[in-house]
Amino acid sequence: MLENTNVKTLDKVVVRFSGDSGDGMQLAGNIFTNVSAGLGNQVSTFPDYPAEIRAPQGSLGGVSGFQVSVGTGVHTPGDACDVLIAMNAAALKTNHRFLKSGGVIIVDIDSFKEADLRKAQYSTNTPFEELGIKAQIVEVPVTSMTKAALADSGLDNKSVLKCRNIFALGLVCWLFDRPLESALHHLRKKFVKKPAVFEANAKVLQAGFDYGSNIHASVSTYRVETEDPRPGVYTDINGNTATAWGLIMASEKCGRPLFLGSYPITPATDILHELAKRKDLGVKACQMEDEIAGVCSAIGAAFAGDLAVTSTSGPGLALKSEGIGLAVMAELPLVVIDVQRGGPSTGLPTKTEQTDLMQALYGRNGESPVAVVAPASPTDCFTMAFEACRIAVEHMTPVILLSDAFIGNGSSAWRVPDEDEYPAIKTPDVPRELLENGTWRPYMRAEDLHRFWPMSGTEGATHRLGGLEKDAETGAISNSPENHEKMVMLRRQKVANIANDIPLLDVCGNADADTLLVGWGGTYGHLRSACDELNAQGTPVALAHFRYINPLPANTAEVLARYKRVIVAELNTGMFADYLQCRYPETRISRINKIQGQPFSVSELVEKTRKIIEEA
């Protein structure tokens with residue numbers, strides 16, 4: 001450490017890596033996150049990258065970012081960063097606005113030549129002055145130092161330059177006193193089949209760390225508080241991976257093999273990638289030719305007795321709508337995962353929104369009710385994927401899981417659960433006596449109205465299902481008006497009955513508040529932080545966050561009725577607010593909305609909530 005270094009001790013610290021899309025910012029950020037999680041820090045990440053496959057090098061459109069908050073009491077990746085790493089002039093220009101006043105900027109000064117400044121559309125040769133940056137600026141010749149460290153490596157120039165991100169990682173590890181052994185472990189896993197590349201990156205990592213130890217500039221370094229975590233095995237996990245693992249857990253708990261029929265689409269593709277690796281666990285992951293084939297293959301698997309899943313984003317959910325209607329009519333268990341992104345159409349493929357809610361609730365022809373759930377965080381994706389499967393199987397209905405790009409790509413520290421932490425999923429097998437006496441029919445129902453689920457090939461359980469309406473008693477095709485109305489109401493009530501099988505709505509924050517902040521899905525971390533900050537500043541606020549959307553928790557009306565003001569914050573034009581207002585017209589609802597492809601910031605939630613309260 002430097003003799004004149006100002007060591008800042010913080011509960012949490014925010015770091016933002018930025019550079020060209022090919023500069024490896026996501027890798028450097030992920031390794032730093034994993035190292036921090038291994039030290040007992042809570043972590044929350046926000047990968048922020050462009051939709052273009054590869055914009056011109058050094059251009060503003062090609063900048064990729066990765067922001068992470070580490071420490072204690074971490075619920076979000078942070079509104080602004082304490083440290084910004086900018087690998088070129090374009091990264092500095094697009095990301096300096098995220099830096100806190102007085103923070104630290106580390107730049108690769110080798111990438112700030114006149115040609116670089118021209119590509120990034122600077123009007124002068126003094127970028128820091130032009131941008132009005134007030135920060136501790138550390139100019140590091142990252143490119144030159146990386147080339148020097150690997151001069152004898154035998155790697156070509158292109159391969160050497162690919163290691164620049166790891167030099168920056170080594171420097172950041174020095175800045176935050178992170179052990180290199182853990183970073184080396186993750187590099188070794190990443191390049192296990194390329195030992196020469198691992199050795200080069202290991203050398204560069206050490207060079208970056210040593211450079212930090214030897215520089216003679218005055219720069220703040222950071223000591224980040226940790227807390228004693230609950231004993232167990234921890235890992236850094238992103239929402240898409242957690243979703244895949246939750247599906248696998250559900251398969252184990254219901255005793256039915258997992259089948260995924262999907263078509264690649266950003267930002268949901270990683271679920272398909274992860275499950276394709278899990279043949280050792282009996283997973284069948286099929287990349288189909290299109291979205292319609294994906295849902296139809298899953299419906300076929302459900303008919304055959306598999307735990308059936310299809311994954312997509314908003315455009316794919318639209319294409320799957322007729323297939324989902326078929327699963328509603330056939331009353332088959334089907335989990336549809338929608339990792340929401342900016343729309344409409346192709347929209348903003350790599351950005352986050354919550355704009356598919358109405359499509360999930362109502363986007364099918366006819367009376368076509370399905371259950372809808374939404375995870376609140378990257379780690380909650382595991383739990384809610386499991387819950388989606390449990391509800392689908394035990395209630396014989398399609399379930400839509402509404403994740404989003406923010407939590408699907410973002411990550412948190414996750415404790416691997418013990419096997420007994422999740423309940424067995426009770427498959428609604430056909431009662432044996434009905435098979436033995438030959439009285440079973442496809443639409444016979446249990447007390448909560450779900451039909452039974454015979455395994456294909458079960459003696460006495462031969463049956464057909466399809467898109468045409470069936471008789472409630474015999475299962476034969478029926479055009480009877482009275483029967484159609486009866487079946488519509490049965491399917492509707494079956495989904496409504498799920499409210500008796502999900503947790504009640506929890507409220508946190510100030511118990512005496514008369515203002516209730518409401519959110520759903522992946523906005524939880526920002527809303528929780530805003531609630532805590534408002535209460536700390538003397539503005540009493542409570543928070544109710546919804547993970548079960550259809551049906552709503554049974555105590556929803558009672559919770560909303562307790563408060564004078566209900567403020568719904570969501571990343572759309574007010575879909576959930578409209579949904580609640582329609583169901584509970586006596587509730588006065590105010591709204592906070594954002595549709596910019598970016599998550600909320602805590603500061604804007606605090607400001608807008610306070611403004612609504614003051615105006616009231």
Original post:
Is the shortest side-chain N to carboxylate O distance from Lys426 to Glu394 below 4.0 Å?
Top reply: no
Subject >> Cationic N near anionic O, under 4.0 Å, Arg16 to Asp48 >> reply: yes
Original post:
Within the distance-only criterion (no hydrogens, no angle test), does the side chain of Thr94 pair as donor or acceptor with the backbone N or O of Ala90 below 3.5 angstrom?
Top reply: yes
Original post:
Got more than 12 heavy atoms from elsewhere within 6.0 Å of CD, Glu130?
Top reply: yes
Original post:
Parallel under 30°, tilted from 30 to 60°, perpendicular over 60°: which one fits the rings of Tyr524 and His545?
Top reply: perpendicular
Original post:
Salt bridge or not for Lys100 and Asp79, using N-O below 4.0 Å?
Top reply: no
Original post:
Below 6.0 angstrom between ring centroids: does that apply to Phe382 and Tyr422?
Top reply: yes
Original post:
Just wondering, do Asp338 and Ser313 contact through their side chains at under 4.5 Å, heavy atoms?
Top reply: yes
Subject >> Pro423 backbone acceptor or donor facing Lys253 side chain under 3.5 Å >> reply: no
Original post:
Can you find a pair of side-chain heavy atoms, one from Leu131 and one from Lys93, that are under 4.5 Å apart?
Top reply: yes
**OP:** Check the pair Arg547, Asp506 against salt bridge (charged side-chain N to carboxylate O under 4.0 Å, His left out), reporting the backbone distance first and the verdict last.
**Re:** CA-CA 10 Å; Arg547 299 154 73 221; Asp506 283 332; over 6 Å; no
Subject >> Carboxylate-amine/guanidinium proximity below 4.0 Å for Arg390 and Glu387 >> reply: yes
Original post:
Would you say the side-chain atoms of Thr556 pair up with the backbone N or O of Pro553, donor to acceptor, closer than 3.5 Å?
Top reply: yes
**OP:** Given salt bridge (charged side-chain N to carboxylate O under 4.0 Å, His left out), test Arg610 with Glu615 step by step and report yes or no.
**Re:** CA-CA 9 Å; Arg610 188 181 288 117; Glu615 288 177 348; over 6 Å; no
Original post:
Do Tyr548 side-chain atoms and Ile498 backbone N/O form a donor-acceptor pair below 3.5 Å?
Top reply: no
Original post:
With no hydrogens and no angle check, is any side-chain donor or acceptor of Gln42 less than 3.5 Å from a backbone partner on Val70?
Top reply: no
Subject >> Salt bridge Lys611-Glu604, side-chain N to carboxylate O under 4.0 Å >> reply: no
Original post:
Taking NZ, NE, NH1 and NH2 as the nitrogens, is one of them in Arg341 or Asp404 under 4.0 Å from a carboxylate oxygen of the other?
Top reply: no
Original post:
Ion pair present between Arg562 and Glu558, side-chain N to carboxylate O less than 4.0 angstrom?
Top reply: yes
Original post:
Hey, does the side chain of Asn572 reach the backbone of Gly574 with a donor-acceptor pair shorter than 3.5 angstrom?
Top reply: yes
Subject >> CE/Met358: more than 12 non-hydrogen atoms of other groups inside 6.0 Å >> reply: yes
**OP:** For the residue pair Ile589 and Thr587, establish whether any side-chain heavy-atom pair is separated by less than 4.5 Å.
**Re:** yes
Original post:
Between Phe66 and Phe46, is the gap from one ring center to the other below 6.0 Å?
Top reply: no
Original post:
Does Asp514 use its side chain to pair, donor to acceptor, with the backbone of Lys564 at less than 3.5 Å?
Top reply: no
Subject >> Under 3.5 Å donor-acceptor, Ser64 side chain and Tyr49 backbone >> reply: no
Original post:
So, the side chain of Glu274 versus the backbone of Thr241: is there a donor-acceptor pair under 3.5 Å, distance only?
Top reply: no
Subject >> Donor-acceptor side-chain pairing of Gln26 and Asn30 below 3.5 angstrom >> reply: no
Original post:
Can you list the steps and then say if Ser262 with Ser311 is a side chain to side chain donor-acceptor pair (under 3.5 Å)?
Top reply: CA-CA 6 Å; Ser262 287; Ser311 57; 2.8 Å; yes
**OP:** Test side chain to side chain donor-acceptor pair (under 3.5 Å) on Ser411 and Asp236 and set out the steps.
**Re:** CA-CA 6 Å; Ser411 62; Asp236 171 58; 3.0 Å; yes
**OP:** Considering only NZ, NE, NH1 and NH2 on the basic side and carboxylate oxygens on the acidic side, decide whether Glu570 and Arg591 come within less than 4.0 Å.
**Re:** no
**OP:** I would like to know whether Asp501 and His395 meet side chain to side chain donor-acceptor pair (under 3.5 Å); could you show each step before the answer?
**Re:** CA-CA 10 Å; Asp501 192 31; His395 295 272; 2.9 Å; yes
Subject >> Side-chain donor/acceptor of Thr609 to backbone N/O of Val606, under 3.5 Å >> reply: no
